[in-house]
Amino acid sequence: MPELPEVESVRRGVDEWTSGTTITGAEVADPRILGTTSQRRIDPSAVSGFVSAVTGAHILRAERRGKFMWLCLGEGADLSTADPVASPVPRPELGILVHLGMSGQLRIHSPGEEIHRHTRAILHLSDDGGQPRELRFVDQRIFGHIGVQPLVHGYGRLVPASAMHIAADPLEPAFDPERVMGDLAKKRTAIKVALLDQTLVSGIGNIYADEALFRAGVHPLAVPGRTRKSRLVAVLESATKVMSDALAVGGTSFDALYVNVNGESGYFDRALLVYGRGGQECVRCGTEIVKITVGGRGTHYCPVCQKPPRYR
DNA sequence: ATTACACCCTGCCTGC
DNA sequence: TGCAGGCAGGGTGTAA
């Protein structure tokens, strides 16, 4: 469910509540959360391996690229006050990767608070005042995952190993619009599918892909390789803009499945122009919004504002 | 190499 | 009311 704006909203809350804390212990209620959806047979030692790997670690900060977020781990020393000359600040080498998948949530709790039934893992934290706190990973569908990984170089940054192939997202400094434009222009698949390709540009999911295409006036089945560069630029700019706007209001929530670390919803659902509006009138021209399937995903567009490609 | 598709889950909604 | 089937905001492995 969560796309870039939702994951970033969660990251900000996680960073606020966990950076500077120490992990005093961990629980894994469902080992499947340690694997990906295509690797569901989890070695029994994975749980104890995860727990021992994170216990005692110091959380430096929470970072994000696209829909992937991770906690950078240190060894417990306060790196921020280390003398940079006497002892250069070491870069973190390990991180706890968290991907929310379709239904994942990270929630901050006090110990003893009621445990939601879809809670799959818990990190027990202690802040610098010794106050206990819990970071709980709740995931109804278990499409999300969590795991300790080495940080490696990928597209200009240190990222968890499993995110090495994930391209930069439009809201980070490493984003290279020229490169993305060049690669996008070579694609022969539907532009909607290309926008969802996280190795091309990351962070865009099904909602914001539809919204970006509508705002740019481009049909979801247009082929990038046969579309004017100016149109492709407009789509990328629309995607960036719509995700920034969504982030500013806490993201998009349709239901209780997306909430921030405090359980609060986002408000961008009120600003969606086409997503989920199949059969309703286009806000711009009044034509009925059409819903089709593209790349296996529900796709919404206005047949008048987004003219179908003339080629076929 | 690029593209297409099945699949991993649970829960909810629709229609018969 | 019950139940089968379809659908859901994501990513990956495999095969063509």
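So you know, we letter chains A, B, ... as the sequences are listed, proteins then strands, and number each from 1.
The shortest non-hydrogen separation linking A:Ser162 to A:Phe68 is O-CE2, 4.2 Å. Heavy atoms only, all atoms of each residue included: A:Gly130 and A:Ser126 are closest at CA-OG, 3.5 Å. Nearest approach of A:Cys72 to A:Glu63, heavy atoms of both residues: SG-OE2, 3.6 Å.
Rounded to a whole angstrom, the distance from the P atom of C:dG6 to that of B:dA6 is 13 Å.
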Side chain to side chain contact (heavy atoms under 4.5 Å, CB included) between A:Leu123 and A:Ile96, worked out: CA-CA 11 Å; A:Leu123 294 183; A:Ile96 301 178; 4.1 Å; yes
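In this structure, A:Met69 atom CE and C:dG10 atom P are separated by 17 Å, rounded to whole Å. Between the NZ atom of A:Lys67 and the C1' atom of C:dT12 there is a distance of 13 Å, rounded to whole Å. A:Asp197 has its CG atom 10 Å from the C1' atom of B:dT2, to the nearest Å.
Atom CG of A:Leu125 is separated from atom NE2 of A:His58 by 11.0 Å, given to the nearest 0.5 angstrom.
OP1 or OP2 of C:dG11 sits under 4.0 Å from a side-chain N or O of A:His99.
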Under 4.0 Å protein heavy-atom contact, by nucleotide of nucleotides 3-10 of chain B - B base, S sugar-phosphate only: SS---BBB
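Across all strands, A:Gly298 comes closer than 4.0 Å only to sugar-phosphate atoms, never to a base (heavy-atom distances).
Of the candidate nucleotides C:dT12, C:dA8, C:dG9, C:dA8 has the atom nearest to the side chain of A:Lys291.
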